[in-house]
Amino acid sequence: MSVDQTPEIAGGEEKAVTATAAAASYPVAPGYRVNVRSGPGTGYAIVRVLSEGSWVRIGCQTTGTRVTGPYGTSSIWDNIGSGQYVSDAYIRTGSDGYVAPRC
C-alpha cells in the first residue's frame with residue numbers, strides 16, 4: 001500500500017511524494033523502555049535501549065522468541081535497522097500479525 005501526498009515546497013510548487021506502508025512509524029508502548037537486540041530473540045545481545053515515548057520504523061518482520069508484553073504475546077520481531085530487532089509485543093502496530101514485509 002502506498003500513500004500519495006502533494007506537500008507545498010518553496011515557491012508554491014507541489015511535488016508528489018509516495019510513502020510505503022513499511023516506512024510507517026509506530027510507537028513503543030507507553031511507560032516502557034524497550035531492549036533493541038542484535039537478532040530476533042531474547043538470547044541475542046542488547047545493542048541499545050529505546051527510551052519511553054520512542055517511535056520506530058519497521059523495515060521488515062520475522063519470527064523469533066515468543067515474548068509477552070503490553071500488546072499481548074507474540075513471536076514476531078520487528079527489524080528497525082541493521083542488526084536491530086525489537087519484540088512486536090512492545091510496539092503498537094494495531095495488528096496481531098505482520099504489518100511489514102518478512103525479513
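Note that this is a predicted model, so its numbers are computed, not measured.
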Set of side chain to side chain donor-acceptor pair (under 3.5 Å) partners for N79, sequence neighbours left out: Y85
For Y44 against S38, the heavy-atom pair lying closest together: CB-OG, 3.5 Å
Ring pair (Phe, Tyr, Trp, His ring centres under 6.0 Å) partners for Y90, two or more places apart: Y32
Shortest non-hydrogen separation from G83 to V47 and the atoms involved: O-CG2, 4.2 Å
Joint cluster assignment, V67 & Y98, ILVMFWY side-chain distance < 4.5 Å: no
Least distance between heavy atoms, I58 atom then Y26 atom: CD1-CD1, 3.5 Å
Check: R37 side chain, T42 main-chain N or O, donor-acceptor pair, under 3.5 Å: yes
Considering all heavy atoms, the nearest T65-G41 contact: OG1-CA, 3.1 Å
Considering all heavy atoms, the nearest C60-A100 contact: CA-CB, 4.1 Å
Any V28 side-chain heavy atom under 4.5 Å of I91 side chain: yes
Pairwise side-chain hydrogen bond (donor to acceptor under 3.5 Å, both in side chains) hits with a residue in residues 68-78, at least two apart: Q61-D78, T68-T73
